[in-house]
Amino acid sequence: MTDRALSVAAWEALFRAQVTVMRALGSEFPSDTMSLNEYDVLFNISREPGRRLRLKDLNRHVLLTQPSVSRMVDRLVSRGLLEKSDDPADGRGTIVSMTPHGFEVYRAVAVAHMGGINRQMAALDTDELETLTALCDKLRLAVDPE
């Protein structure tokens with residue numbers, strides 16, 4: 001197989017695995033509390049120092065379009081899960097912060113979601129999981145070093 005064909009085959013395998021696993025996770029996600037996309041927004045904010053992130057940076061971490069992220073953030077603000085404030089370093093920017101209530105709700109969903117993740121990833125042993133993590137990190141950093 002040529003390098004080009006191997007690259008395409010590897011991408012297709014990665015993409016198909018991701019779609020299959022995401023569909024399985026989506027089918028058992030506790031959607032009565034929040035959507036998987038809302039969870040993704042909260043997950044990304046929860047990983048940041050102080051559980052706060054510039055809206056511009058949040059847009060880079062999720063698969064949604066910028067207008068969709070802005071609308072979702074507004075919905076999460078209206079539900080008391082997030083707060084928005086002006087970025088003191090950039091008057092045009094917005095900081096999105098997780099509220100204490102938002103973290104409690106996120107954490108409860110995260111615990112349930114981790115069970116689903118563990119079930120879906122159970123096909124791989126510890127060494128394979130470590131290798132998969134390293135390969136995905138290497139690929140991600142090669143494309144976007146930030």
Under 3.5 Å, side-chain donor or acceptor atoms of residues 13-22 against the rest of the protein: list the pairs with distances, not counting sequence neighbours.
{"from": "T20", "atom 1": "OG1", "to": "R16", "atom 2": "O", "distance (Å)": "2.8"}

What side-chain donor-acceptor pairs closer than 3.5 Å can you find for residues 2-12, not counting sequence neighbours?
{"from": "T2", "atom 1": "OG1", "to": "A5", "atom 2": "N", "distance (Å)": "3.0"}
{"from": "S7", "atom 1": "OG", "to": "D3", "atom 2": "O", "distance (Å)": "3.0"}

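The side chain to side chain donor-acceptor pair (under 3.5 Å) search around D137 returns R140, not counting sequence neighbours. Evaluation of the salt bridge (charged side-chain N to carboxylate O under 4.0 Å, His left out) rule for D86 yields no partner, not counting sequence neighbours. Contacts of D74 classified as side chain to side chain donor-acceptor pair (under 3.5 Å), with partners at least two apart in sequence or in another chain: K84. Every residue meeting the side chain to side chain donor-acceptor pair (under 3.5 Å) condition with R71, not counting sequence neighbours, appears here in chain and number order: S68. Listed by chain and residue number, D90 satisfy the salt bridge (charged side-chain N to carboxylate O under 4.0 Å, His left out) test with R92 (two or more places apart in sequence, or in another chain). With sequence neighbours left out, the side chain to side chain donor-acceptor pair (under 3.5 Å) criterion links N59 to no other residue.
Separating the CZ atom in R51 from the CG atom in L42 is a distance of 11.5 Å, to the nearest 0.5 Å. The CG atom of D57 sits 9.0 Å away from atom CG of D87, with the distance rounded to the nearest 0.5 Å. Here the straight-line distance linking atom CG of N44 with atom CG of L58 works out to 6.0 Å at 0.5 Å rounding. Separating the CG atom in L81 from the OG1 atom in T33 is a distance of 10.0 Å, to the nearest 0.5 Å.
Sorted by first and then second residue, the pairs that involve residues 112-130 and meet side-chain hydrogen bond (donor to acceptor under 3.5 Å, both in side chains), not counting sequence neighbours, are E28-R119. Among residue pairs with one or both ends in residues 40-98, none qualify as ring-ring contact (aromatic ring centres under 6.0 Å, His included); sequence neighbours excluded. Among residue pairs with one or both ends in residues 89-110, those qualifying as ring-ring contact (aromatic ring centres under 6.0 Å, His included) are Y39-Y106; sequence neighbours excluded. Among residues at least two apart or in separate chains, there is no salt bridge (charged side-chain N to carboxylate O under 4.0 Å, His left out) pair with a member in residues 100-110.
The pair R79-E38 meets the salt-bridge criterion, with a side-chain N (NZ, NE, NH1 or NH2) lying under 4.0 Å from an Asp/Glu carboxylate O.
A heavy-atom distance below 4.5 Å is not found between the side chains of E83 and V77. Between L55 and V69 the shortest side-chain heavy-atom distance falls below 4.5 Å. Contact of the V105 side chain with the M34 side chain is registered, since non-hydrogen atoms from C-beta on lie closer than 4.5 Å.
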Test log, rule side chain to side chain contact (heavy atoms under 4.5 Å, CB included), inputs L76 and V41: CA-CA 9 Å; L76 294 171; V41 166; 4.0 Å; yes

Derivation of the side chain to side chain contact (heavy atoms under 4.5 Å, CB included) call for V96 and L53: CA-CA 5 Å; V96 182; L53 183 63; 5.5 Å; no

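Nearest heavy atoms, I45 versus L82: CD1-CD2, 3.7 Å. Of all heavy-atom pairs between S78 and R75, the closest is OG-O, 2.7 Å.
Both I117 and L129 sit in one connected hydrophobic cluster of ILVMFWY residues. Membership requires side-chain heavy atoms under 4.5 Å apart, directly or through other members.
Side-chain atoms of S97 never come within 3.5 Å of backbone atoms of R52 as a donor-acceptor pair (strictly under, hydrogens ignored).
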